[in-house]
Colleague: 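Have a look at this one before I ask anything.
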Amino acid sequence: MSEQNTIKLTINGQEVTAPKGVTVLQACEQVGIEIPRFCYHDRLKIAGNCRMCLVQIEGGPPKPAASCAMPAAEGMVVHTDSPMVKKAREGVMEFLLINHPLDCPICDQGGECDLQDQAMAYGRGSNRFHENKRAVKEKNMGPLIKTQMTRCIHCTRCVRFSEEIAGVEEIGAVGRGEHMEITTYLEQAVTSELSGNVIDLCPVGALTSKPYAFTARSWELRKTETIDVLDAVGCNIRVDSRGREVMRVLPRLNEEINEEWISDKTRFACDGLKAQRLDRPYVRKAGKLQPVSWDEAISTIAARWKDLEPTKIAAIAGDLADLESMWMLKQVMKEIGSPHLDCRQDGVALEGKVRAAHLFNTTIAGIEQADACLIIGTNPRLEAPLVNARLRKRSRMGAFPVGVIGPEIDLTYNINNLGNNIDIIDDIISGKSEFSKVLADAKQPMIIVGYGVLTRPDAAAIQQKLYTLCEKYGVVTKEWNGYNVLHKVASRVGGLEIGFVPASKGKDVAGILAAAKRGTIESVFLLGADEIDMKPLADAFVVYQGHHGDAGAHAADVILPGAAYTEKDATYVNLEGRAQRAVRAVFPPGEAKDDREILALLAQALGQRPATSLDAVRAEIAKAVPTIAEIDVIVPAKWEAFGKEGEMDAKSPIKETLKNFYMTDPISRASRTMAECVDSLAKATGKKGKKEAA
């Protein structure tokens, strides 16, 4: 950092060098001096309304100053521990506690409360006010956020988050002075898919988790740092458990992926881990599923498969499958000689041969360096809320035009909807479109392509056009790759990276289902695959390995109970191509086993010699696929041509591929909280509820 961009000031007798433009509070934090605060937050605009961060500045007015809103200046002398500061902070705390109820023994924030901590550290220890405390009516913020607004200290963090980060201006303040109240303006549920983050932001117990209310105390919980798999972003999370039960999910800081936010589905769908679980093996006998031992279940599959030709056996991996289990299933299929395997339940036209064609090459953090964006056939707000939050963050910085090709959508920031016609891509390439000049003028443009395009019959032709567009407008250069595919599911990139796609003369998901209907494929192994049409499998011998009694389990002849993402050590590759490790927080229920262990048992029953230890499996993957060998490292993809020559179907509009954000997988579909969210959103927006939508 050059001297022109720095200043020198003195804090508590220590000379400090800080960047120009920082506040006194930030300068203090640089040298490890703690400044108490309630309203200030690193990612929100400065409000300066709690006054807890008071400091003394020599030569200024003879009163303490709010350090969060005071710019640090050259030569400034700051005291954070003088008698004046100490007395001022005690006074502020005394005022904050005038109306705060003595709810600590029954408050869910107890043990994690900023007000508790700072009252102990900076308060007087007694209160001179004896007037009656005010009472504030509870507010309706939906099924996720429990309100106790008598505890509110008006820090306005929730208001600023909803306006700045979530982009849904539904929380605000009404009234003035002692009559001021934080509320939702229309007394209805908050409709943001990021609304649960206000619970973490609230420094007191005014906003707490409604599903978690009165269930556990923070000091009772075992905390496990892991990752989320309910979308393809790979948000870093902390799973809090008690015994064998997951009690709650909280965000974990990762600046490159999710910063410190998570979506409501990630946070609240964890109650689905307790419902509709498969906890023992089953085999269908006389038309009914009967509980059996593990030996009988595995031997039933082995006996049936040994009587079949290898080409009559197929495997489909589901959306929550981990890397190790997909690798082992691929090895099983390779050993028996079957080419029929696929991880693309939705039929997305990505083959995995060209890495750049299936990765989010810009990276999530790289969005902040882009200066134009073209979104085609995707709704990032529903499909990847944390990617959309980063796009909104970039949009708020300014000079970031966003064009959208597809259905009308609300992304919480300004967009230019170019229409819902795939021919617009041709218009952009030829220069006829209004967005052509935007891309031509941009130095680091980015394109985000979604499944609304990639699942169409003409997807290969569209990809070829997109490659041409990237080449023409410099979307990809030596220093910048602006071509991005927005995946919706956690297993997809990992499956493509390890080649869990049809081998030579093998069939994809559509081909497997069609062949099963004809009878030319007689057995199908479903590794957590629940999103396909099960009707064509009616006459096939279906093996389902998964953790919930969803669609796949209902169609199965043999059920092998597996472990959910919180119940196993596993690897997942996010949409950027970043391998991350999920860590076991609790054990699976009943007789359920780790997916990798189940597949090892099956391989052994078939006479194979699989790698049985987790380290051995990971070593095999690292040797075969070096691009995902290292954890939390993104290996840039080589830019190569992709797609195929062909005609685009201009008459077919791009369709939405995700309408119900809250129910996308077996875990969220089993969640009562997610069902309540669907109905609550229906009331707030006038759309169909869960029963009607089904």
Colleague: Is there a side-chain contact (heavy atoms from CB on, under 4.5 Å) between Ile498 and Ile628? Walk through the geometry before answering.
Modeller: CA-CA 9 Å; Ile498 64 170; Ile628 53 173; 4.1 Å; yes

Colleague: So does Asn414 have more than 12 non-hydrogen atoms from other groups sitting under 6.0 Å from CG?
Modeller: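 No.
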
Colleague: Between Pro401 and Asp371, which heavy-atom pair has the shortest distance, and what is it?
Modeller: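 Heavy atoms only, the tightest pair is CD-O, 3.4 Å.
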
Colleague: Answer whether the closest heavy-atom distance between the side chains of Leu411 and Ile375 falls below 4.5 Å.
Modeller: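 A side-chain contact exists here, since the closest heavy-atom pair is under 4.5 Å.
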
Colleague: Do Leu391 and Ile448 come within less than 4.5 Å of each other through their side chains, counting heavy atoms only?
Modeller: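 Yes, their side chains come closer than 4.5 Å.
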
Colleague: Which heavy atom of Asp322 sits nearest to which heavy atom of Ala570, and what is that distance?
Modeller: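 Minimum heavy-atom separation between Asp322 and Ala570: CB-CB, 3.5 Å.
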
Colleague: Show your reasoning for whether side-chain contact (heavy atoms from CB on, under 4.5 Å) applies to Val489 and Gln345.
Modeller: CA-CA 10 Å; Val489 299; Gln345 289 189 95; over 6 Å; no

Colleague: Mind listing the closest non-hydrogen atom pair of Tyr483 and Cys470 along with its distance?
Modeller: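 Closest approach of Tyr483 to Cys470, heavy atoms only: CD1-SG, 3.7 Å.
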
Colleague: Can a salt bridge be assigned to the pair Glu368 and Arg390 using a cut-off of 4.0 Å between side-chain N and carboxylate O?
Modeller: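 Yes, this pair counts.
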
Colleague: Whether the side chain of Arg456 engages the backbone of Asp649 through a donor-acceptor N/O pair (distance < 3.5 Å, no angle test) should be reported.
Modeller: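 Side chain of Arg456 to backbone of Asp649: a pair is present.
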
Colleague: Out of curiosity, Phe268 CZ to Ser263 OG, how far, rounded to the nearest 0.5 Å?
Modeller: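 With rounding to 0.5 Å, CZ (Phe268) is 10.0 Å from OG (Ser263).
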
Colleague: Is the shortest heavy-atom distance from the side chain of Ile364 to the side chain of Leu386 under 4.5 Å?
Modeller: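 No, every pair of side-chain atoms sits at 4.5 Å or beyond.
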
Colleague: May I ask you to decide if Ile262's main-chain N or O and Arg267's side chain share a donor-acceptor pair within less than 3.5 Å?
Modeller: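 Not confirmed, Arg267 side chain does not pair with Ile262 backbone.
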
Colleague: Would a 4.5 Å heavy-atom cut-off, applied to side chains only, mark Glu351 and Val501 as touching?
Modeller: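 Answer no - side chains too far apart.
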
Colleague: Establish, from distance only, whether the side-chain atoms of His358 and Glu497 form a donor-acceptor pair under 3.5 Å.
Modeller: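 Yes - a donor-acceptor pair under 3.5 Å links their side chains.
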
Colleague: With heavy-atom distances below 4.5 Å as the criterion, would you say the side chains of Tyr544 and Asp530 are in contact?
Modeller: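 They are in side-chain contact.
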
Colleague: With the side chain counted from C-beta on, respond yes when Phe525 and Leu602 share a heavy-atom pair under 4.5 Å apart, and no when they do not.
Modeller: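 Yes, their side chains come closer than 4.5 Å.
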
Colleague: Got a donor-acceptor contact below 3.5 angstrom from the Asn660 side chain to the Tyr662 backbone?
Modeller: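 Judged by distance alone, yes, a pair lies under 3.5 Å.
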
Colleague: Hey, does Ser491 have a side-chain heavy atom less than 4.5 Å from the side chain of Phe500?
Modeller: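 Contact flag for Phe500/Ser491 side chains = no.
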
Colleague: Just grab all the salt bridge (charged side-chain N to carboxylate O under 4.0 Å, His left out) pairs involving residues 625-634, residues at least two apart or on different chains.
Modeller: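 Residue pairs passing salt bridge (charged side-chain N to carboxylate O under 4.0 Å, His left out), neighbours aside: Arg578-Asp632.
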
Colleague: Taking the side chain from Arg394 and the backbone from Gln369, do they hold a donor-acceptor pair closer than 3.5 Å?
Modeller: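 Looks like no, no N/O pair under 3.5 Å.
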
Colleague: Do you see a donor-acceptor pair shorter than 3.5 Å between the side chains of Glu656 and Asn379?
Modeller: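 No, no side-chain donor-acceptor pair sits under 3.5 Å.
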
Colleague: Check whether any side-chain N or O of His548 sits under 3.5 Å from a backbone N or O of Gly272 as a donor-acceptor pair, and report yes or no.
Modeller: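 Pair found, side chain donor or acceptor close to backbone of Gly272.
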
Colleague: Minimum heavy-atom separation for Ala370 to Met446, with atom names?
Modeller: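 Looks like CB-SD, 3.5 Å.
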
Colleague: Without hydrogens or angle criteria, can the side chains of Asp346 and Thr455 be said to hold a donor-acceptor pair below 3.5 Å?
Modeller: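 On atom types as modelled, these side chains do not qualify, holding no pair under 3.5 Å.
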
Colleague: Only one of Val239, Thr266, Asp240 forms a side chain to side chain contact (heavy atoms under 4.5 Å, CB included) with Leu250, so which one is it?
Modeller: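 The side chain to side chain contact (heavy atoms under 4.5 Å, CB included) with Leu250 is passed solely by Asp240 among Val239, Thr266, Asp240.
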
Colleague: Indicate yes or no for a side-chain donor-acceptor contact from Asn258 to the backbone of Glu260 under 3.5 Å, with no hydrogens or angles considered.
Modeller: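 Checked: no pair found.
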
Colleague: Taking only residues two or more places apart in sequence, or in another chain, which ones meet Tyr451 in a ring pair (Phe, Tyr, Trp, His ring centres under 6.0 Å)?
Modeller: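 Applying ring pair (Phe, Tyr, Trp, His ring centres under 6.0 Å) to Tyr451 gives His487.
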
Colleague: Just verifying a value: how many Å separate Leu382 CG and Thr378 OG1, rounded to the nearest 0.5 Å?
Modeller: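 If we round to the nearest 0.5 Å, Leu382:CG and Thr378:OG1 are 9.0 Å apart.
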
Colleague: Using the six-membered ring wherever Trp is involved, compare the ring planes of Trp639 and Tyr467 and label them parallel, tilted or perpendicular (cut-offs 30° and 60°).
Modeller: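 Plane angle under 30°, so parallel.
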
Colleague: Between CZ of Arg596 and OG1 of Thr612, what distance do you get to the nearest 0.5 Å?
Modeller: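 If I round to the nearest 0.5 Å, the distance is 8.0 Å.
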
Colleague: For a quick check under 3.5 Å, do Asn361 and Arg355 share a side-chain donor-acceptor pair by atom type?
Modeller: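 No, no side-chain donor-acceptor pair sits under 3.5 Å.
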
Colleague: Heavy atoms only: give me the nearest Glu645-Gln464 pair and the separation to one decimal.
Modeller: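 Scanning both residues completely, I find the closest heavy atoms to be OE2-NE2, 3.4 Å.
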
Colleague: Can a donor-acceptor pair be found between the side chains of Tyr413 and Asn388 at a distance below 3.5 Å?
Modeller: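 Judged by distance alone, the side chains do pair up.
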
Colleague: With a cut-off of 3.5 Å and sequence neighbours excluded, list every side-chain donor-acceptor pair involving residues 613-624.
Modeller:
residue: Ser613; atom: OG; partner: Ala616; partner atom: N; Å: 3.1
residue: Arg618; atom: NE; partner: Glu324; partner atom: OE2; Å: 2.8
residue: Glu620; atom: OE1; partner: Trp327; partner atom: NE1; Å: 2.8

Colleague: Please check if the number of heavy atoms outside Glu256 that lie under 6.0 Å from its CD is greater than 12.
Modeller: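 No - once you tally the heavy atoms of other residues, nucleotides and ligands closer than 6.0 Å, there are 12 at most.
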
Colleague: Under a 4.0 Å threshold between the charged nitrogen and the carboxylate oxygen, would Lys265 count as salt-bridged to Glu383?
Modeller: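 The answer is no: the pair does not qualify as a salt bridge.
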
Colleague: Supply the atom-to-atom distance Ile376 CD1 to Leu469 CG, rounded to the nearest 0.5 angstrom.
Modeller: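 Atom-to-atom, Ile376:CD1 and Leu469:CG are 7.0 Å apart.
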
Colleague: Calculate, to the nearest 0.5 Å, the distance between atoms CG and NZ belonging to Asp458 and Lys644 respectively.
Modeller: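 So the CG of Asp458 and the NZ of Lys644 are separated by 13.5 Å.
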
Colleague: Counting only heavy atoms not in Lys472, do more than 12 fall under 6.0 Å of its NZ?
Modeller: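 Atom NZ in Lys472 is packed in, count exceeds 12.
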
Colleague: Keeping the roles fixed (side chain from Asn421, backbone from Ile424), state whether a donor-acceptor pair exists under 3.5 Å.
Modeller: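 A pair under 3.5 Å: no.
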
Colleague: Take atom NZ of Lys223 as the centre, draw a 6.0 Å sphere, and report whether it contains more than 12 heavy atoms from other residues, nucleotides or ligands.
Modeller: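 Buried by this count: over 12 neighbours within 6.0 Å.
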
Colleague: Please test Met674 against Ile667 for side-chain contact (heavy atoms from CB on, under 4.5 Å), starting from the C-alpha separation and ending with a verdict.
Modeller: CA-CA 10 Å; Met674 294 296 97; Ile667 297 173; over 6 Å; no

Colleague: Donor-acceptor pair, Asp342 side chain versus Pro502 backbone, under 3.5 Å?
Modeller: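 Flag not set: sc Asp342 to bb Pro502 has no pair under 3.5 Å.
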
Colleague: Would you say Ile227 and Asn574 make side-chain contact, with heavy atoms under 4.5 Å?
Modeller: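 When only atoms from C-beta onward are counted, Asn574 and Ile227 do not touch, as no gap falls below 4.5 Å.
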
Colleague: Would you check if the side chain of Arg584 reaches a backbone N or O of Lys568 as a donor-acceptor pair within less than 3.5 Å?
Modeller: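 It does not hold such a pair.
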
Colleague: Does a side-chain N-to-carboxylate-O contact under 4.0 Å join Asp569 and Arg581?
Modeller: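 Between Arg581 and Asp569 there is no salt bridge, as every charged N stays at least 4.0 Å from the carboxylate O atoms.
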
Colleague: Side chains of Gln444 and Thr362: do they bring a donor and an acceptor to under 3.5 Å?
Modeller: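 No, because no side-chain N or O of Gln444 sits under 3.5 Å from a partner of the opposite role on Thr362.
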
Colleague: Looking at every heavy atom in both Leu320 and Pro666, which two are closest together, and how far apart are they?
Modeller: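 Smallest heavy-atom distance, with atoms named: CD1-CD, 4.2 Å.
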
Colleague: Does Glu647 have more than 12 heavy atoms from other residues, nucleotides or ligands lying within 6.0 Å of its CD?
Modeller: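 Not buried by this count: 12 neighbours or fewer within 6.0 Å.
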
Colleague: Do any N or O atoms from the side chain of Asn416 and from the backbone of Val402 form a donor-acceptor pair under 3.5 angstrom?
Modeller: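 Pair absent, no side-chain N/O of Asn416 close to backbone of Val402.
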
Colleague: Can you see whether Ser325 engages Asp595 through a side-chain donor-acceptor pair at a distance of less than 3.5 angstrom?
Modeller: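 No, no side-chain donor-acceptor pair sits under 3.5 Å.
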
Colleague: Would Thr664 and Lys488 count as having a side-chain donor-acceptor pair, cut-off 3.5 Å?
Modeller: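 No, no side-chain donor-acceptor contact under 3.5 Å.
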
Colleague: Let me confirm one number: the CG-NZ distance from Asp423 to Lys432, rounded to the nearest 0.5 Å.
Modeller: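 Rounded to the nearest 0.5 Å, the CG-NZ separation comes out at 9.5 Å.
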
Colleague: For Ile532 and Met534, what are the C-alpha separation, side-chain angles and deciding distance, and is it a side-chain contact (heavy atoms from CB on, under 4.5 Å)?
Modeller: CA-CA 6 Å; Ile532 58 175; Met534 299 294 170; 3.6 Å; yes

